[in-house]
Amino acid sequence: MPLVTTTEMFKKAYAGGYAVGAFNVNNMEIIQGITRAAKKHNAPVILQVSAGARKYASHGYLVAMVKAAAEETGLPIALHLDHGPDFETCKACIDGGFTSVMIDGSHLPYEENVALTKQVVEYAHPRGVVVEGELGQLAGIEDDVNVSEDDAHFTDPDQVFDFVTRTGVDSLAIAIGTSHGAYKFKPGQKPQLRFDILEEVAEKLPGFPIVLHGASSVNQDDVKTINQYGGQMPDAIGIPEEMLRKASSMAVCKINVDSDIRIAMTAAVRKHFAENPTHFDPRQYLTPARDAIERVVSHKIETVLGCEDKA
Ligand code: G3H
Ligand code: 13P
Ligand code: ZN
């Protein structure tokens with residue numbers, strides 16, 4: 001099956017009260033782990049590529065591998081640019097086989113965010129590509145996404161109608177208390193999401209698909225495994241699964257997960273080397289890593305997203 005946009009996926013997800021998982025991909029094993037889980041559960045899936053992933057694996061390899069996964073599984077798969085930093089990167093992805101792009105103007109003053117997002121939409125739509133915009137800013141640090149807690153702020157529901165109508169975006173990422181990376185809440189801190197903001201946004205934009213970034217749950221067993229086998233991850237808490245399930249049943253149609261995949265992969269590789277110190281064939285340690293990704297994504301589909309059998 002050729003790659004698809006997210007339009008049909010989101011229409012069905014909104015109506016059905018579930019969300020589609022958007023997982024970050026950086027190499028073949030990650031793509032295979034995710035799409036094997038999606039196939040097992042007959043679930044639609046979004047594979048997303050950050051600017052850092054394009055730098056690491058290169059555009060051409062990622063597009064070719066994602067197309068191969070769509071052909072092999074026969075599933076509806078969208079290829080999405082995650083946190084597009086500028087017009088040029090979005091253009092390169094629109095011209096280069098992606099079916100969806102995010103332009104992340106969330107750090108810009110409002111009018112500049114509107115202007116940049118509109119520019120991307122005007123280039124994307126005539127070429128059959130959909131666009132995700134963002135209002136409000138999540139905290140968190142990853143390779144190319146770095147926002148301090150002081151700079152983070154919630155989405156203002158009074159801006160969303162104006163932003164969506166003036167830009168023409170197809171989906172909107174909002175900030176309601178999630179954050180990027182593996183360290184979202186300190187131990188002892190009570191995770192909270194602003195469902196009141198999500199509700200208000202949904203009232204202002206009836207039927208419009210909302211996106212939740214920074215939605216990893218940070219599996220404590222995987223963190224323990226990493227630390228048991230020589231890692232040094234500080235204790236941290238992610239987004240509770242029941243909160244994500246609740247968001248999926250509301251206007252949230254796309255849930256972004258990257259850190260949980262990284263953590264599961266690292267735990268599997270560290271454990272493998274501890275138990276098999278003589279191994280040096282990458283296939284030996286990347287097989288359990290790929291299996292761990294498949295388990296994580298299966299679990300998300302079953303317990304958080306609710307998109308089983310929705311392909
Ligand atoms: O939200 C950002 C994604 O997790 C991508 O992270 O820039 O380190 O590839 P990255
Ligand atoms: P996590 O760091 O919570 O996995 O979020 C990933 C994300 O939002 C990618 O855009
Ligand atoms: Zn993100």
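A quick note: this is a predicted structure, and the numbers were derived from the prediction, not measured. One-based numbering, in listed order, for ligands and for the atoms of each.
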Donor-acceptor pairs under 3.5 angstrom involving side-chain atoms of residues 62-70: please list them, not counting sequence neighbours.
none

Salt bridge (Lys or Arg N to Asp or Glu O under 4.0 Å) partners of residues 122-131, not counting sequence neighbours, each pair once: Lys118-Glu122
Asn26 and ligand 1 - part of the residue with a heavy-atom distance under 4.0 Å: neither
Whether Lys184 lies under 4.0 Å from ligand 2, heavy atom: yes
Region of Asp82 engaging ligand 1 - heavy atom pairs below 4.0 Å: side chain
Region of Leu138 that comes within reach of ligand 2 [heavy atoms, distance under 4.0 Å]: neither
Under 4.0 Å to a heavy atom of Gly214 - the qualifying atoms of ligand 2, by number: 1 (P), 3 (O), 5 (O), 7 (C), 8 (O)
Pair Tyr285 and Phe273, ring centroids less than 6.0 Å apart: yes
Atom name, His213 (N, O or S, nearest to the Zn ion (ligand 3)): ND1
Derivation of the ring pair (Phe, Tyr, Trp, His ring centres under 6.0 Å) call for His83 and His180: CA-CA 12 Å; His83 293 283; His180 287 113; 4.8 Å; yes
Polar contact flag for Asn24 and ligand 2 (N/O pairs, less than 3.5 Å): no
His41 to Ser298 - nearest heavy-atom pair and separation: NE2-OG, 3.2 Å
Cluster link Tyr110 to Ile103, ILVMFWY, side chain under 4.5 Å: yes
Test item: side-chain donor near acceptor, Asp95 and Tyr123, under 3.5 Å: yes
Numbering as shown, the atoms of ligand 2 that approach Gly181 to under 4.0 Å (heavy-atom distance): 2 (O)
Test item: side-chain donor near acceptor, Glu132 and His80, under 3.5 Å: yes
Residue part near ligand 2, for Ala182, under 4.0 Å between non-hydrogen atoms: neither
Residue Ser259 vicinity, atoms of ligand 2 by number, heavy atom under 4.0 Å: 1 (P), 2 (O), 4 (O)
Val25, Ile261, Asp258: member with heavy atom nearest to atom 5 (C) of ligand 1: Asp258
Proximity to ligand 2 by part of Val257, non-hydrogen separation under 4.0 Å: backbone
Non-hydrogen atom of Gln48 closer than 4.0 Å to ligand 2: yes
Flag for Thr225-Asp221: side-chain donor and acceptor within less than 3.5 Å: no
Proximity of His83 to ligand 1 by residue part, where a heavy atom lies under 4.0 Å: side chain
For ligand 1, the portion of Arg54 having any non-hydrogen atom under 4.0 Å away: neither
Distance-only N or O hit between ligand 2 and Asp258, under 3.5 Å: yes
Linked, directly or transitively: Met102 and Val130 (ILVMFWY side chains, under 4.5 Å): no
Val223 with Tyr229, same ILVMFWY side-chain cluster at under 4.5 Å: no
Whether Arg262 lies under 4.0 Å from ligand 1, heavy atom: yes
Residue selection (non-hydrogen contact nearest atom 9 (O) of ligand 1) among Gly52, Pro85, Ser50: Ser50
